[in-house]
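Every chain is numbered from 1 and lettered A, B, ... according to where its sequence line falls, protein lines coming before strand lines. Just the heavy atoms: all of them, side chains too, but no hydrogens, waters or symmetry mates, feed the values below.
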Amino acid sequence: MSVRVRFAPSPTGALHIGGVRTALYNYLFAKKNGGTFILRIEDTDQNRYVPGAEDYIIESLKWVGLIPDEGVGFGGDYGPYRQSDRKHLYGKFAQELVDRGHAYYAFDTPEALENARQSTENFTYNFQTRTGLQNSLVLPPDEVRRRLDAGEPYIIRLKVEPGQEIPVRDLIRGDVLFQSSELDDKVLLKTDGMPTYHLANIVDDHLMEITHVIRGEEWLPSTAHHVLLYRGFGWTDTMPQFAHLPLILKPVGNGKLSKRDGAKFGMPVFPLPWAAENPEDSFTGFRDTGFLPEATINFLALLGWHPGGDQEIFTMEELIQAFSVEHISKSGARFDYEKAKWFNQRYIQTSDNAVLAEHIRPLAESRGFRADLPFLTEVVALMKERVTFLPDFVDQGYYLFGPVKIYDEEMIRKKWNPAFQTTLEALAGIILQAQSFEAPSLEEQVKQFIAAEGLKPGEILPLLRLALAGTMKGPAVFDMAVVLGREETARRLRESPGYFNRIMPVIAG
RNA sequence: GGCCCGUUCGUCUAGGGGUUAGGACGCAGGAUUUUCAUUCCUGUAACACGGGUUCGAUUCCCGUACGGGCUACCA
């Protein structure tokens, strides 16, 4: 039987980066085993449905390259893949469970349950408490019939029989044993006719012939209920295998990573930006921060999984080859943003210049900068060793696109002397007349000139850099000169002494 | 509170009854680069604690502590 796995997020808002990792592990597992990766949308809670969330999920998966083989927006023979579109299925299955004696009707109002919780400490709806409540287990059959026929609101609950052992075999954690006496009678079908996660999950996994359920650790406790459901339906022979992933924790402090941590720590915790009416609920993402999708994937892959060995950089293909559920760690992993940045830097360094140029083209355009690919490729070549994020190319290297806006005044004060004005002007002349406008020969000529003038390179070269870029940080000066071009380089050399002289007294004063 | 899961450098992790406990990020220092960065080298730092089992436990077992999750007509 071929492997079929699903990623089943709820469209309740932006997809958390942890969700992307869950999708990734499912994807890797599917591809590793020649299986099928399915996207199922679990929108059974109408109250929490957020418009746009479904598109966000799909766009996120596409961005990082986790393309489902089946699912909402991707076709497939097991659809529909959106649970709200499958609503009609669940009632029938819930009813079947009632008929088999594994579930029952309950008529307790939310108020009645609230009262029970108030009056009884640690109240749970289970085999002990259900006898004192309004359900088909205690009400006479004709009374139940009457209420049902009268259209009274009801729900269907799982009837958990006490005294049973429920072993759960987890691919990551081994065998976990639960006692049914400690389980509550979970709601399976809600008053609005929609199933809860538990019912929908089991029914859909069964109908979609899911073989492996790879999901977050928060689902481990309810897996006992899920096993009971498989038993109740008589589907134990095709029950999927489970693997519960460790959670991603906050960078510092206690608890799992939350969406608020992004703003709190100044880092993205979502793949894409999310815009909400309320700025408080709007978030930045990895993409808009300037992460490459490959770097994002590589970082996420190693957050809670490692194949052994010393390799850190993996292509998607290598991840697929190396992946195995057994190597997923059991403990939660802190979100390490420094490491994420390192991955991005590495990927930028090793990416093809033309590819990077494509990436920064929209960034250059949005700033009104020159954005033709040949030019951007040159810029990329100069900057790729010194940036962390994509926007750094145009933000840090802005002076390659247009005039210098900020001068390092501290440096000017240290290096500038009005007497050098003629030197810079002479340099401008050399630049204009250089027979070969290439970095090595330019450097050669300039250095010869400096020596001939009886000056030291350390006196003039920093000024050259300041004139061209305004800052001491950046690519090799002569490389910059070539990208800037003959005319622009000469202009900056001739005009900068004016700025320098103007700045000097301000600083001195 | 109850149930369940977990615990190797600050972080991500490798390892596994006898190892100088390995790598990476970060940090610190050095070399190269008359800038910055890159690159290279060096350093820094860990088996939570207490009992067992064993000739020997970081590794296996139990307990404790700590961390995490669940405990909704949310997923």
Chemist: Across all strands shown, which nucleotide pairs with rG63(B) by Watson-Crick or G-U wobble geometry, both distances under 3.5 Å?
Modeler: rC49(B)
Chemist: Are Ser324(A) and His327(A) close enough that a side-chain donor and a side-chain acceptor fall under 3.5 Å?
Modeler: yes
Chemist: Of the options rU38(B), rG23(B), rC73(B), whose atoms approach the side-chain atoms of Leu113(A) most closely?
Modeler: rC73(B)
Chemist: Are Lys186(A) and rC73(B) close enough that a side-chain N or O sits under 4.0 Å from OP1 or OP2?
Modeler: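 No, outside the criterion.
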Chemist: Look up atom CZ in Phe500(A) and atom CD in Glu409(A), then write down how far apart they are to the nearest 0.5 Å.
Modeler: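 The CD atom of Glu409(A) is 11.0 Å from CZ of Phe500(A), to the nearest 0.5 Å.
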Chemist: Closest approach to the side chain of Arg117(A), judged atom by atom: which nucleotide of rA75(B), rA24(B), rC73(B) is it?
Modeler: rC73(B)
Chemist: For the P atoms, the ones on rC27(B) and on rU8(B), what distance do you get once it is rounded to whole angstrom?
Modeler: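 Here rC27(B) and rU8(B) have their P atoms 23 Å from each other.
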Chemist: Suppose we define a pair by two distances each less than 3.5 Å, Watson-Crick or G-U wobble; what does rC25(B) pair with here?
Modeler: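 In the structure as shown, rC25(B) has rG10(B) as its Watson-Crick or wobble partner.
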Chemist: Between Thr44(A) and rA75(B), is there a contact of a side-chain N or O with OP1 or OP2 at under 4.0 Å?
Modeler: yes
Chemist: Hey, does the side chain of Gln345(A) come within less than 4.0 Å of rU38(B)'s phosphate (OP1/OP2), counting only N and O?
Modeler: yes
Chemist: Pick from Lys256(A), Lys250(A), Arg334(A): which one makes a salt bridge (charged side-chain N to carboxylate O under 4.0 Å, His left out) with Asp261(A)?
Modeler: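 Single pass found, and it is Lys250(A).
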Chemist: Roughly how many Å is it from CG in Asn254(A) to P in rA65(B), rounded to a whole number?
Modeler: 17 Å
Chemist: Counting Watson-Crick and G-U wobble pairs only, both distances under 3.5 Å, name the nucleotide matched with rC36(B), or none.
Modeler: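 Per the H-bond distance test, none.
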Chemist: Polar atoms only, N or O, under 3.5 Å: list the protein pairs with nucleotides 1-5 of chain B and their distances.
Modeler:
from: rC5(B); atom 1: O2'; to: Arg173(A); atom 2: NH1; distance (Å): 2.4
from: rC5(B); atom 1: O2'; to: Glu217(A); atom 2: OE2; distance (Å): 3.2

Chemist: Roughly how many Å apart are rU71(B) and rG52(B), using the C1' atom of each and rounding to a whole number?
Modeler: 34 Å
Chemist: Of all the nucleotides listed (rA75(B), rC25(B), rU35(B)), which has the minimum atom distance to the side chain of Lys339(A)?
Modeler: rC25(B)
Chemist: Taking atom C1' in both rU64(B) and rU7(B), compute the distance separating them and give it to the nearest angstrom.
Modeler: 13 Å
Chemist: Is it possible for you to check whether Arg157(A) lies under 6.0 Å from the centre of the six-membered ring of Tyr125(A), through NZ or CZ, and within 45° of that ring's axis?
Modeler: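 That pair qualifies as a cation-pi contact.
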Chemist: Give a yes/no on whether any side-chain N or O of Asn47(A) is located under 4.0 angstrom from OP1 or OP2 of rC74(B).
Modeler: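 No, no such contact exists.
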Chemist: Would you indicate, yes or no, if rC36(B) has its OP1 or OP2 atom less than 4.0 angstrom from a side-chain nitrogen or oxygen of Thr471(A)?
Modeler: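 Result: no.
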Chemist: Under the 3.5 Å rule, do the base of rC12(B) and the side chain of Arg334(A) count as making a donor-acceptor pair?
Modeler: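 Between rC12(B) and Arg334(A), which were checked side chain against base, a qualifying N/O pair under 3.5 Å is absent.
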Chemist: Is there a donor and acceptor pair, one atom on the side chain of Thr191(A) and one on the base of rC73(B), closer than 3.5 Å?
Modeler: yes
Chemist: From the list rU35(B), rC25(B), rG68(B), which nucleotide is the closest neighbour of the side chain of Ala476(A)?
Modeler: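 So the side chain of Ala476(A) is nearest to rU35(B).
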Chemist: Looking at every non-hydrogen atom in both residues, tell me the closest pair between Val477(A) and Leu468(A) and how far apart they are.
Modeler: O-CD1, 3.9 Å
Chemist: Whom does rG1(B) pair with, Watson-Crick or G-U wobble, provided both distances fall under 3.5 Å?
Modeler: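 WC or wobble partner is rU71(B).
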Chemist: Hey, does Gly304(A) reach any base, or is it just sugar-phosphate, or nothing, if we go heavy atoms under 4.0 Å?
Modeler: sugar-phosphate
Chemist: Over all heavy atoms of both residues, which pair between Tyr407(A) and Ala467(A) is shortest? Give the atoms and the distance, please.
Modeler: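 What the structure gives for the nearest pair is OH-O, 4.3 Å.
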Chemist: Mind listing the residues from residues 379-387 of chain A sitting with a heavy atom below 4.0 Å of RNA chain B? Number order is fine.
Modeler: Glu385(A), Arg386(A)
Chemist: Would you say Gln46(A) reaches rC74(B)'s phosphate, i.e. side-chain N/O to OP1/OP2 under 4.0 Å?
Modeler: no
Chemist: Identify which nucleotide among rU35(B), rC12(B), rC73(B) has an atom closest to any side-chain atom of Asp336(A), counting heavy atoms from C-beta outward.
Modeler: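 Out of rU35(B), rC12(B), rC73(B), the nucleotide with an atom closest to Asp336(A)'s side chain is rC12(B).
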